[in-house]
Number of protein chains: 2
Amino acid sequence: MICSHPPLKFLDVESGTLYKIGMTTKTIGATGLVFDPIRVERVSEKVAGQLRKLISDGSLKVGDRLPSERDLSEQMGVSRTSVREALQQLEMHGILETVHGGGSIIRNITEQEIRKPIERFIEQDKKRVLELAELRAFMEAWAAREAARNRTDQELETMRGYLEEMERDFEKGAIRYDVDFKYHTEIAAATHNTIYLHLIDNIYSLINYSVKVHREEVFVSRESQETILNHHRKIFRGILERNPENAETAMKEHLAFVVREFKRKFFDR
Amino acid sequence: MICSHPPLKFLDVESGTLYKIGMTTKTIGATGLVFDPIRVERVSEKVAGQLRKLISDGSLKVGDRLPSERDLSEQMGVSRTSVREALQQLEMHGILETVHGGGSIIRNITEQEIRKPIERFIEQDKKRVLELAELRAFMEAWAAREAARNRTDQELETMRGYLEEMERDFEKGAIRYDVDFKYHTEIAAATHNTIYLHLIDNIYSLINYSVKVHREEVFVSRESQETILNHHRKIFRGILERNPENAETAMKEHLAFVVREFKRKFFDR
DNA sequence: GTGGTAGAATGGTAGGACCATGTTATACGT
DNA sequence: ACGTATAACATGGTCCTACCATTCTACCAC
C-alpha cells in the first residue's frame, strides 16, 4: 500500500512547545523548594513528536509509506540528519520500519505486545481461529454502529466506491477479497477511533495468518457471493442514513453468515 | 565520576557478524519452503553492539563517562554520524544518557522504566484515553453477554466471592480497586475466549498507565461507590441467571457511568 | 509471462562546518 | 589565600554536501 502524501501538512518544527518539563523533581538545598528540571527538546524529538501525532490521529495509517527523508527535511525546514534521528527513534520504538532504499513504513503499534504471543496460541489450537472470528464479529458490529454515527461524507464516498467496485466484480465473476478488505477497513476508519483501527488491523492479519486460505476459496458459489453483496449493501445503507442500529444489525448478520460458512468448510459441519 | 579511557580497546567495527537473521519468516510460492529474511547490520548497530559488550563485561561501569563522540569515531574508524546514531540507540534503550556539552554517561539499566511503544503513543494525545475507554466499554459489554452464556458454576462462585468482598469493603469504607479489577477479569475469563482475555488484559494495563490516578481517587464519594456496587450486583444477577441481555445492559450502564465520571474529573465537564 | 537491465528514488555513511552548552583553566579583586 | 568572574576549551546538537548501497520502476529481449 504505497501512497504519496501531498495533502499531509507537516507543520514547522517551531510550532509546539520549545521546552518540556521532565518527570522527576528535585529538592534543592534546605529551602524545601521543589523545582521541575527543564529539559530542552531536541529538534529530532520535535520531528518524532509530530510524526507520532500524525500516526496517532490516523493521518498516517498502518502500511503507509512516509515521504522520503529528503522531502521531510525540506517540508519541515530541518536538516536530513534531524529527520533521520527522529525516524530512528520511532524505529527503536517499533512504530515504523525503514528499509535501505525502500523508505519508511508505518507499523502496527499493537503488534509488539499483542501479536507475537497470540500467534503462538493460535498455532496450538484450531479452536483459537473461531475465537478470533468471534472477536472480529462483535468488534466490527460496534464499528458499523460507530461509523454510522461518526462517518464523514468523504469516508462515505470511499465506501460507495468500494461497494460499486464489488458490484462490478460480481457481475464480471467474483468479488475480490482485497476490495472487501478495504471496505471493512474504511468502516473501521470511520469510527474515528485510532486505537481500534490498529487493533482490528491486527486481528485481520492474525486471521489471515492462521487461515492460510483466502476467502475467495471459501465463498465461491454464486449464491454466497450474492448474499455477501446484499449484506454489504445493507451495511452501507445503515451508514449512509446514519442509522447505528441498522448498520450494527446488518454487520452482525453478515459476519454470522461468514462464520457459519467458514465453519462448514473447515470444520466440516 | 569522570574518567579518561586510554585502556579501553575499541575493536574495529568490521569484527562481528556482518549479516544477521531477522525474526519473521515468509513462505514463498506454493513450495511451502520457509526462508529467513536476510538483514544487514548497519554500522551504527555494530558500534552500539560493541559499546553494549563493553558495558556488559564491566569495562564500562554505571556512572562512567564515555569518550567523546569524536574520539570514538576516530578510534573505531567510523564517521561521527554513525557513532551518534549508535549512542542514540543506546539512549533510547535507557542504557546511557547524553548531556549537551557534557558527554555521555552510563545509566543503571535496572532503575529506569523502559516505555513501551503504545504508552508513548497514548501520551501524544489525551483523546486516546477516551478511545481506550470506548473500546473497553463495548468489549466488556460483549464479555458480560458471553459470560452469561458460557460461565461455569465455578466461575460464578469466584465472582460471587469478589462481589461479597466489595460489599464488605463498602461497609468498611471504600471499594478496593484491585478487587474490582479481579471481578472484571473473572468475567472476561468466563467468556472462554482466550484471545479476548489477553486483549482486554492489555487494554486494562494501557488504561492504568495512561490514567496515572487509580480509580479510587476518582470515585471517592459515597454515592458513586454505591452506584458502582449496584451496577456490579446487577451484572452479577444477569450472569447468574444466564441472561445475556440483562448482563450486557447492566455492563453498558456501568461503564457509561464510569466514563462519564471520568470525563467529569479529568476533562472538567 | 519471465527474467534481465538501466535509471531513478531512497536510505546509509562520511566528513566538515558551525552553534549551544557544559567544563576547565585563568585572571582578577578582595 | 580565597572566591568569583571571565576566557578558553571540550563536547554534544544541527546543518550541509557528497557519495555509496539498496530498492523500486519502467522498459526491453526472450
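Order of the sequence lines sets the chain letters (A, B, ...), proteins ahead of strands, with each chain counted from 1. Bear in mind that the values here come from a model prediction, so they are computed numbers and not experimental data.
When side chains are defined from C-beta on, A:Leu60 does not count as touching A:Leu96, because their heavy atoms never get closer than 4.5 Å. The side-chain heavy atoms of A:Met166 and A:Arg233, taken from C-beta on, include no pair separated by under 4.5 Å. Within the 4.5 Å cutoff, the side chain of A:Asn230 has heavy atoms near those of the A:Glu226 side chain.
Side chain to side chain, A:Asn193 and A:Glu146 fail the donor-acceptor criterion of an N or O pair below 3.5 Å. A side-chain N or O of B:Ser44 and one of B:Gln89 form a donor-acceptor pair less than 3.5 Å apart.
Taking atom NZ on B:Lys46 and atom P on C:dA14, their separation rounds to 10 Å, with Å as the unit. The separation between A:Gln88 atom CD and D:dG13 atom P is 13 Å, rounded to whole Å. Regarding A:Met76, its CE atom lies at a distance of 14 Å from the P atom of D:dT14, rounded to whole Å. Atoms CD (A:Glu45) and P (D:dG12) sit 16 Å apart, rounded to a whole Å. The separation between A:Glu85 atom CD and C:dG12 atom P is 13 Å, rounded to whole Å. Between the P atom of C:dG12 and the CD atom of A:Glu97 lies a distance of 11 Å, rounded to the nearest Å. Atom CD of B:Glu74 and atom P of C:dG15 are 11 Å apart (whole Å).
Judged by the 6.0 Å distance and 45° axis criteria, A:Arg222 is positioned over the aromatic ring of A:Phe170.
Summarising the local packing, CD of A:Glu157 is surrounded by more than 12 heavy atoms from other residues, nucleotides or ligands at distances under 6.0 Å. The number of heavy-atom neighbours closer than 6.0 Å to CD of A:Glu167, taken from other residues, nucleotides and ligands shown, is above 12.
OP1 or OP2 of D:dC15 sits under 4.0 Å from a side-chain N or O of A:Ser79. Between A:Thr81 and D:dG13, a side-chain N or O to OP1/OP2 separation shorter than 4.0 Å is absent.
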Could you write out each protein N or O paired with an N or O of nucleotides 6-8 of chain D at a distance under 3.5 Å?
none

With the criterion being N/O to N/O and under 3.5 Å, what pairs connect the protein with nucleotides 6-11 of chain C, and how long is each?
unit_1 : atom_1 : unit_2   : atom_2 : d
C:dG11 : OP2    : A:Glu69  : N      : 2.8
C:dG11 : O4'    : A:Gly101 : N      : 3.0
C:dG11 : N7     : A:Arg70  : NH1    : 3.0
C:dG11 : O6     : A:Arg70  : NH2    : 3.1
C:dG11 : N2     : A:His100 : NE2    : 3.1
C:dG11 : N3     : A:His100 : NE2    : 3.2

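A:Ile55 pairs in a side chain to side chain contact (heavy atoms under 4.5 Å, CB included) with only one of the listed residues (A:Leu66, A:Val62, A:Ile95), which is A:Ile95.
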